[in-house]
Amino acid sequence: MAATENPSRERILSRIQNALQVPAHKYSAPQGAQPIFAPIPDLLDRFQKECVINITECVVTPDRAASTAAIAQILAGLPEGEIYIQESAQLREMAASWNRPSVRWSSEGGSREVSQATITHCEALIAMTGSVLVSSACGGRGASVVAPIHIVVAGLDQLVPDLAVALAQVDERGVPKENSFLCLTTGSSRTADIEKILVMGAHGPRRLVVVIHQQ
Amino acid sequence: MSTAAHEFLRNAATKSADLGHRKILQFAIDQHEAAVQRGKSRFLDWPAARQKAHEIKWEAVNHLDRYLLQFEEKVKERGGHVFWAANAEEARQYITDLAKARGVHMVVKSKSMVTEEIHLTQALEANGVEVLETDLGEFIVQLRNEPPYHIVTPAMHLTRKDIAALFREKLGTNTEDPQQLVAAARVVLREAFFKAEMGVSGANFVVADSGMIALTTNEGNGRLCTSFPKVHVAVTGIEKVIPRMQDLATLWPVLSTAGTGQAVTVYNTLVGPRLPHEVDGPEEFHVVLLDNGRSELLADPEQRDALHCIRCGACLNVCPVYRTIGGHAYGTTYQGPIGSVLTPHFRGLKDFQHLSSASSLCGACSDACPVKIDLHHHLLHNRRNAVKEGERPWAERLAFKAWRWGMAGATRFGWLGAVARFGLRAAQSVGLSGTALDPAGPWSKNHADLTVPKKSFRALWKEEHGGH
């Protein structure tokens, strides 16, 4: 595609540059970096507490085999139909015992409207807010928003204290360079637009389940 | 007085007398306030968080050219398009042309105040494109053919009964249950997400170092708008740029705490041009960077910090004027204190200076602002500028000249006081209180008659203490 024509670009830039010739009246000097959040003594404990507040289901298991079983149980309670899974050796291995006849892997394309559930990994878990950070590597943009339930499979080693650490880590790993999509998810879709009454599942998933294996 | 000022005064009078409306507004804001207090208590040091957010925005706004150019370079590098729009007309033209060129029949929109500012929906509709708002609150006000009532909570002025009646009429539902109302909207919008060829979003932040835009939503509609249609257009003001992705570690929690009281909003997304190896996402990514008066505000070193605004709506919620008259009375895209500061810059001091007086100068807005904009002082600055630029009516200018003259001499002052007392008593005795002939007319119109003292303060002082 041809480069965008931009007749006003130079004009706007020169207006900005001229405007900035005069310094702002109120210069607020940086006041040093005092912490704005209290330190978190026990990451997993905090993550679980935050999940309760966010209405996120958090399942902590001793190991991967236990996570596989926990997810099998959740899937057994869901209606029949396609489930969408992020392509990964680990999830392939786990899926073998889930007994779902219809699986679409992210290697086959993006998630579809018919998905009953999505199962993905994540880039990080954030203790302070009980959040999950996903990227387009986790099954694409649609994976974590289209299906009525999003199940996240994570290891305890992915749990970090706060957003600053999570963002620094993904940056270091080059995630923003390799992905055009990142999403910090804190709970499942909701709205309070009608009389401030909380309603779950406005557009995205009604349930967010995080399954953390400790080893 | 401008037409806009007349309308504002009329609306404000009607709305402040509408007790039902005030009750709805009060309820919503009380709920909100409690949530925000809880949200702030999650911070070890909320003032330090505000200071940090302020510093980030200060750095960005005061080096706006540098960060915008960095952002543009990153977006282009990744295969996206950046269009610089000097005004609303250019932005509308670019987007409608793009829609035409891509054969777009339907656009899904996630909540964006900038698209309200440029009246994008009307422009697309005039070109035969169907436009659907997908944020539930926006969807509701769109069905009512109304502008958003609040920059964060667009349907704050409606009860569930109002919404139920609206959905009964427009969507054929028969329920007052919020859960079912949301489900009904979900069905309509769900279809649209997969049918629309273009998704339009705003941007809460424009991240220079990563070439992505940040979108904050609770419902997930913003995510669907930017995932499935084949073209994604993000429309945003030039002031939304921030230097680093890392800054979001401060700005995301600060925005949601001030906006809704949540620790962080449910979905905080970063999106850019889809990369070749990715499984889904739009084929095209366009960012429209809108100036539309912002560079002029940037050139005002005194009020430049008004460009720090992250549109959280906190100043609206705490403002005694907003809490009494509500969002629609303002007749502007941006309401409340921040709207009263910005609108005269965007749309002219001549026609919108009256908003500078829509304030009790209590300063609650400045205290609430999470990026520390000096809002109430800027309202004063705009008042002063209106006087300086000769935008006040001649009668007022004359009255102040007379006042100044009267105040400058003790004898004059005494005489004028006597005349005023006489005038007041005369007006009251013949039943002309509150009319144009009453010296305290504007006051007496809405209040009981003033008790006019027989003697002046100075006369009483002289009697009791003697001398001067």
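Letters go in sequence order (proteins before strands), and every chain restarts at 1.
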B/Glu72, part contacting chain A, at a heavy-atom distance under 4.5 Å: side chain
task: Give the minimum heavy-atom separation between B/Val61 and A/Leu20, together with the two atoms involved.
output: O-CD2, 3.7 Å
- prompt: Do the side chain of B/Asp280 and the main chain of A/Gly142 share a donor and acceptor less than 3.5 angstrom apart?
  reply: yes
Contacting moiety of B/Met245, where chain A heavy atoms sit under 4.5 Å: both
- request: Output the distance between atom CE (B/Met156) and atom NZ (A/Lys196), rounded to the nearest 0.5 Å.
  value: 5.0 Å
task: Just give me the residue among A/Gly187, A/Gly201, A/Ala143 that pairs up with chain B most often, heavy atom to heavy atom, under 4.5 Å.
output: A/Gly201
field: Contact class of B/Glu278 relative to chain A, heavy atoms under 4.5 angstrom
entry: side chain
message: Has B/Tyr267 got a side-chain atom pairing as donor or acceptor with A/Ser189's backbone, closer than 3.5 angstrom?
response: yes
query: Out of A/Leu208, A/Ile194, A/Asn18, which one racks up the most heavy-atom pairs below 4.5 Å with chain B?
result: A/Ile194
message: Taking side chain as everything from C-beta outward and backbone as N, CA, C, O, which of these in B/Thr260 sits under 4.5 Å from a heavy atom of chain A? Side chain, backbone, both or neither.
response: neither
task: Give, as side chain, backbone, both or neither, the part of B/Gln31 having an atom under 4.5 angstrom from any heavy atom of chain A.
output: side chain
- prompt: Please walk me through it: do A/Ser136 and B/Arg274 pass side-chain hydrogen bond (donor to acceptor under 3.5 Å, both in side chains)?
  reply: CA-CA 9 Å; A/Ser136 41; B/Arg274 176 183 176 176; over 6 Å; no
- prompt: Which bit of B/His63 comes within less than 4.5 Å of chain A, counting heavy atoms only: side chain, backbone, both or neither?
  reply: backbone
message: Below 4.5 Å, heavy-atom pairs only: which of B/Gly220, B/Ala49, B/Ala35 has the largest tally toward chain A?
response: B/Ala49
query: If you count heavy-atom pairs under 4.5 Å with chain A, which of B/Gly272, B/Ala299, B/Gly79 comes out on top?
result: B/Gly272
field: Check: A/Gly204 main-chain N/O paired with B/Arg186 side-chain donor or acceptor under 3.5 Å
entry: yes
- prompt: So which part of B/Ala183 gets closer than 4.5 Å to some heavy atom of chain A, the side chain, the backbone, both or neither?
  reply: neither
query: When only pairs under 4.5 Å are counted, which of A/Arg11, A/Met200, A/Glu50, A/Gln21 shares the most heavy-atom pairs with chain B?
result: A/Glu50
message: Apply side chain to side chain contact (heavy atoms under 4.5 Å, CB included) to residues A/Gln17 and B/Leu298 and explain how you reach the verdict.
response: CA-CA 10 Å; A/Gln17 279 150 359; B/Leu298 189 72; over 6 Å; no
Chi angles and distances behind the side chain to side chain contact (heavy atoms under 4.5 Å, CB included) call for B/Leu248, A/Leu163: CA-CA 8 Å; B/Leu248 294 170; A/Leu163 203 45; 5.9 Å; no
query: Checking B/Leu297 against chain A: side chain, backbone, both or neither under 4.5 Å from a heavy atom?
result: neither
- prompt: So how far is it from B/Tyr94 OH to A/Glu5 CD, rounded to the nearest 0.5 Å?
  reply: 10.0 Å
Side chain, backbone, both or neither of B/Glu219 within contact of chain A (heavy atoms, under 4.5 Å): both
- prompt: For A/Ala19 and B/Ser295, which heavy atoms make the closest approach, and how far apart are they?
  reply: CB-O, 3.9 Å
statement: With chain A, the option among B/Met212, B/Arg304, B/Arg223 that has the most non-hydrogen atom pairs under 4.5 Å is B/Arg223
query: Can you name the closest pair of heavy atoms from A/Ser111 and B/Phe228 and give their distance?
result: O-CE2, 4.4 Å
- prompt: What residue in B/Val266, B/Asn268, B/Thr269 has the most heavy-atom pairs under 4.5 Å with chain A?
  reply: B/Val266
message: Quick check for you: to the nearest 0.5 Å, what is the distance between A/Ile12 atom CD1 and B/Asn292 atom CG?
response: 9.5 Å
- prompt: So, do A/Pro35 and B/Phe43 sit near enough that their side-chain heavy atoms are less than 4.5 Å apart?
  reply: no
Max heavy-atom pair count under 4.5 Å with chain B, selected residue of A/Ser135, A/Ser144, A/Pro39: A/Ser144
Polar side-chain atom of A/His203 near backbone of B/Leu189 as donor-acceptor pair, under 3.5 Å: no
field: Closest heavy-atom pair and its distance - A/Phe37, B/Arg42
entry: CD2-O, 4.0 Å
Side chain, backbone, both or neither of A/Arg206 within contact of chain B (heavy atoms, under 4.5 Å): side chain
Under 4.5 Å from a heavy atom of chain A, the part of B/Pro178 involved: both
field: Intermediate values then yes/no, side chain to side chain contact (heavy atoms under 4.5 Å, CB included), A/Asp193 and B/Phe139
entry: CA-CA 10 Å; A/Asp193 277 345; B/Phe139 176 71; over 6 Å; no
- prompt: Considering only heavy atoms from C-beta outward, does the side chain of B/Arg190 approach that of A/Val146 to under 4.5 Å?
  reply: yes
- prompt: Can you say whether B/Pro253 sits under 4.5 Å from chain A via the side chain, the backbone, both, or neither, judging by heavy atoms?
  reply: side chain
message: I need the residue from A/Ala137, A/Pro176, A/Ala192 with the largest number of non-hydrogen atom pairs under 4.5 Å to chain B.
response: A/Pro176
- prompt: Do other residues, nucleotides or ligands put more than 12 heavy atoms under 6.0 Å from the CD atom of B/Glu296?
  reply: no
- prompt: Hey, is CD on A/Glu108 packed in by over 12 heavy atoms from elsewhere, all under 6.0 Å?
  reply: yes
query: Can you tell me if A/Ser180 uses its side chain to pair, donor with acceptor, with the backbone of B/Val271 under 3.5 Å?
result: no
- prompt: Distance-only, no hydrogens or angles: does the B/Arg160 side chain make a donor-acceptor pair with backbone N or O of A/Glu195 under 3.5 Å?
  reply: no
statement: Among B/Gln303, B/Gln179, B/Glu138, the residue with the most heavy-atom pairs under 4.5 Å to chain A is B/Gln179
- prompt: Under 3.5 Å, is there a donor-acceptor pair between the side chain of A/Asn6 and the main chain of B/Val82?
  reply: yes
- request: Could you look at B/Leu158 and say if it's the side chain, the backbone, both or neither that has a heavy atom under 4.5 Å from chain A?
  value: backbone
query: Could you give the distance from CG (A/Leu167) to CG (B/Leu270), rounded to the nearest 0.5 Å?
result: 8.0 Å
statement: Between the CD1 atom in A/Ile16 and the CZ atom in B/Arg66, the distance rounded to the nearest 0.5 Å is 13.0 Å
B/Ala86 to A/Arg15 - nearest heavy-atom pair and separation: O-NH2, 4.3 Å
task: For residues B/Leu69 and A/Arg9, determine if any side-chain heavy atom of one lies less than 4.5 Å from a side-chain heavy atom of the other.
output: yes
Under 4.5 Å from a heavy atom of chain A, the part of B/Leu68 involved: side chain
task: Look at A/Asp171, A/Ile197, A/Asn179 and state which one has the largest set of heavy-atom pairs under 4.5 Å with chain B.
output: A/Asn179
field: Proximity breakdown for B/Trp252 and chain A, heavy-atom pairs closer than 4.5 Å
entry: side chain
- prompt: Closest approach of B/Gln246 and A/Ala168, non-hydrogen atoms and distance?
  reply: OE1-N, 3.4 Å
- prompt: Hey, mind stepping through B/Val279 and A/Glu87 against side chain to side chain contact (heavy atoms under 4.5 Å, CB included) and telling me if it holds?
  reply: CA-CA 11 Å; B/Val279 296; A/Glu87 181 64 64; over 6 Å; no
